[in-house]
Amino acid sequence: MAAEAWLWRWGWGWGQRCPGRPGLPGPGPGPTTFLHFLLLLGLVAADITDGNSEHLKREHSLIKPYQGVGSSSMPLWDFQGSTMLTSQYVRLTPDERSKEGSIWNHQPCFLKDWEMHVHFKVHGTGKKNLHGDGIALWYTRDRLVPGPVFGSKDNFHGLAVFLDTYPNDETTERVFPYISVMVNNGSLSYDHSKDGRWSELAGCTADFRNRDHDTFLAVRYSRGRLTVMTDLEDKNEWKNCIDVTGVRLPTGYYFGASAGTGDLSDNHDLISIKLFQLTVERTPEEESIDWTKIEPGVNFLKSPKDNVDDPTGNFRGGPLTGWRVFLLLLCALLGIIVCAVVGAVVFQKRQERNKRFY
C-alpha cells in the first residue's frame with residue numbers, strides 16, 4: 001500500500017501522467033523520465049496497474065484501428081441511434097438537432113478494481129451556450145436502452161459520468177462545461193431541468209469543448225473510491241476533478257457511452273476507451289463476497305440534495321430552510337424546557353435543605 005500511495009502522489013496526486021503510458025499516450029521517456037519509469041515499475045507492479053499492456057483489458061476497450069468500419073456492427077461493441085463508425089473516431093451524434101447515439105460493450109465486466117481512460121472530442125459550430133447536450137459514460141446493469149439521459153435510460157442501475165455542455169438551469173452559479181458523477185440503484189431520476197444537481201455526488205467545471213488538441217478523461221474505481229481526472233490543457237498532466245469514497249459498485253455490469261442533442265447540437269466523438277485492471281490485495285472475507293449481488297450505492301454523511309452550487313464548481317452546504325429551521329427551533333425549545341425543569345428541581349432541593357437548618 002505504501003507503493004500504491006507513492007504512485008498516487010506521483011502520478012495522480014501531483015497530476016503528472018506516467019511517461020509513455022499507453023492509456024494516455026504522451027512523449028516517450030527521456031533519460032531522466034526513463035529512470036523514474038523503471039523505479040515506478042519496481043515499486044508498484046504488485047499493487048497497481050502501471051498501464052502496461054498486460055493490464056489492458058482488450059475485451060472492454062475500444063481502440064484503433066476499429067474493426068467493422070463502414071458496417072452497422074463491430075466486434076465487442078454494439079452501437080445504435082445516430083452513432084457512426086469511421087476510421088478515426090466513433091461519432092455518437094453529429095452536429096445536428098434531436099440526435100441520440102450510444103455504444104456499448106458486449107462483455108460484462110467482472111473486475112472489482114479498474115481504471116478507464118477515455119480519449120474524446122466535443123466540438124461544433126455553436127457559440128457560447130448555444131450548443132449541447134453532452135456525453136455520458138456508463139457502467140450499468142442494462143445496455144442498449146435509449147432514453148432521455150444523454151441518449152440513454154433514466155432510473156439506471158450503476159454509475160454514470162456526465163460531461164454536460166449546456167446549463168438548463170438558468171439560476172445555477174456553476175460554469176459549463178461541467179463534469180459530474182451519479183450512482184443509482186434505480187430509484188433516482190436524472191433531473192435535466194436542474195442539470196442533475198439533486199442526484200450528483202460531486203462535480204467540477206472542465207473546459208473540454210472545441211479544444212484544438214486531444215482531450216482525455218480518466219475514471220478510477222478501487223476499494224470503494226471513485227476518482228475522475230482530466231487532461232484538457234495538452235500538458236500531459238492529470239488534473240483532479242472528483243474524488244468520492246464509500247462508493248459501492250457490483251461486478252457484472254456493462255461499460256458504454258452515449259450522447260444526445262436537442263434544440264442545440266454538437267459533434268460528440270470517442271477516439272478510444274481503454275480499461276485497465278488494478279491489482280489490489282484483498283482479505284479472504286472480501287474475496288468471499290458475491291460482488292455481483294452488491295447494490296449500487298454510496299455511504300453518505302449527508303444527502304447530495306443538501307448540496308447547492310458554488311461558483312468554483314464545488315459544493316457547499318445548503319441554507320437553513322423550511323423544515324430545517326423548524327427542527328432547529330424545536331430542538332432549542334426542548335433544550336430550554338429541559339434546563340428549566342432541571343433548574344426548578346435543583347432549586348426546590350436547595351430550599352428543602354435550607355429549611356432543615358432552622
Student check: side-chain heavy atoms of Arg223 and Glu286 closer than 4.5 Å: yes
Residue from Val118, Ile242, Leu217, Ile135 passing side-chain contact (heavy atoms from CB on, under 4.5 Å) with Val161: Leu217
Check: Gly101 main-chain N/O paired with Thr93 side-chain donor or acceptor under 3.5 Å: no
Aromatic centroids of Trp114 and Phe255 separated by under 6.0 Å: yes
Short side-chain to backbone donor-acceptor contact, Asp195 and Asp169, under 3.5 Å: yes
Side-chain donor/acceptor of Thr227 to backbone N/O of Val244, under 3.5 Å: no
Atom pair NE2 (His60) and CD1 (Ile273), whose distance is rounded to the nearest 0.5 Å: 12.5 Å
Note: Asp266-Lys121 ion pair, threshold 4.0 Å (strictly below): no
Any residue meeting side-chain contact (heavy atoms from CB on, under 4.5 Å) with Ile337, in chain and number order, not counting sequence neighbours: Leu333, Val341
Counterpart residues, ring-ring contact (aromatic ring centres under 6.0 Å, His included), relative to Phe156 (two or more places apart): Trp138
Whether Ser265 side chain and Thr261 backbone form a donor-acceptor pair below 3.5 Å: no
Check: Phe276 ring centre within less than 6.0 Å of His55 ring centre: no
Main-chain N/O of Val175 paired with Thr205 side-chain donor or acceptor, under 3.5 Å: yes
Carboxylate-amine/guanidinium contact Glu170 Lys194, below 4.0 Å: no
4.5 Å side-chain heavy-atom contact, Tyr139 and Pro296: no
Backbone of His213 reached by a side-chain donor or acceptor of Asp234 within 3.5 Å: no
Rounded distance (nearest 0.5 Å) linking atom NZ of Lys153 with atom CG of Asn184: 9.5 Å
Whether Arg211 side chain and Asp207 backbone form a donor-acceptor pair below 3.5 Å: yes
Verdict with supporting geometry, Glu200 and Tyr190, side-chain hydrogen bond (donor to acceptor under 3.5 Å, both in side chains): CA-CA 9 Å; Glu200 79 176 63; Tyr190 182 86; over 6 Å; no
side-chain hydrogen bond (donor to acceptor under 3.5 Å, both in side chains) evaluation trace for Gln80 with Ser102: CA-CA 6 Å; Gln80 65 177 5; Ser102 66; 3.3 Å; yes
Aromatic centroids of Tyr89 and Tyr66 separated by under 6.0 Å: no
His119/Asp214 under side-chain hydrogen bond (donor to acceptor under 3.5 Å, both in side chains): CA gap, chis, key distance, verdict: CA-CA 7 Å; His119 182 185; Asp214 291 338; 3.3 Å; yes
Leu159 vs Leu226 side-chain heavy atoms within contact, under 4.5 Å: yes
Heavy-atom check, side chain of Leu249 versus side chain of Tyr221, under 4.5 Å: yes
Trace of the side-chain hydrogen bond (donor to acceptor under 3.5 Å, both in side chains) decision for His123 with Asp269: CA-CA 8 Å; His123 57 107; Asp269 299 341; 2.9 Å; yes
Min side-chain heavy-atom separation Phe176-Pro167 under 4.5 Å: yes
Thr140 side chain vs Asp142 backbone, donor-acceptor pair below 3.5 Å: yes
Output field: ring centroids Phe150/His192 closer than 6.0 Å: yes
Salt-bridge contact Arg197-Asp191 (side-chain N to carboxylate O under 4.0 Å): no
CG on Asn267 to CZ on Arg209, rounded to 0.5 Å: 9.5 Å
Between His117 and Trp238, ring centroids under 6.0 Å: yes
Side chain Asp164, main chain Pro177, donor-acceptor under 3.5 Å: no
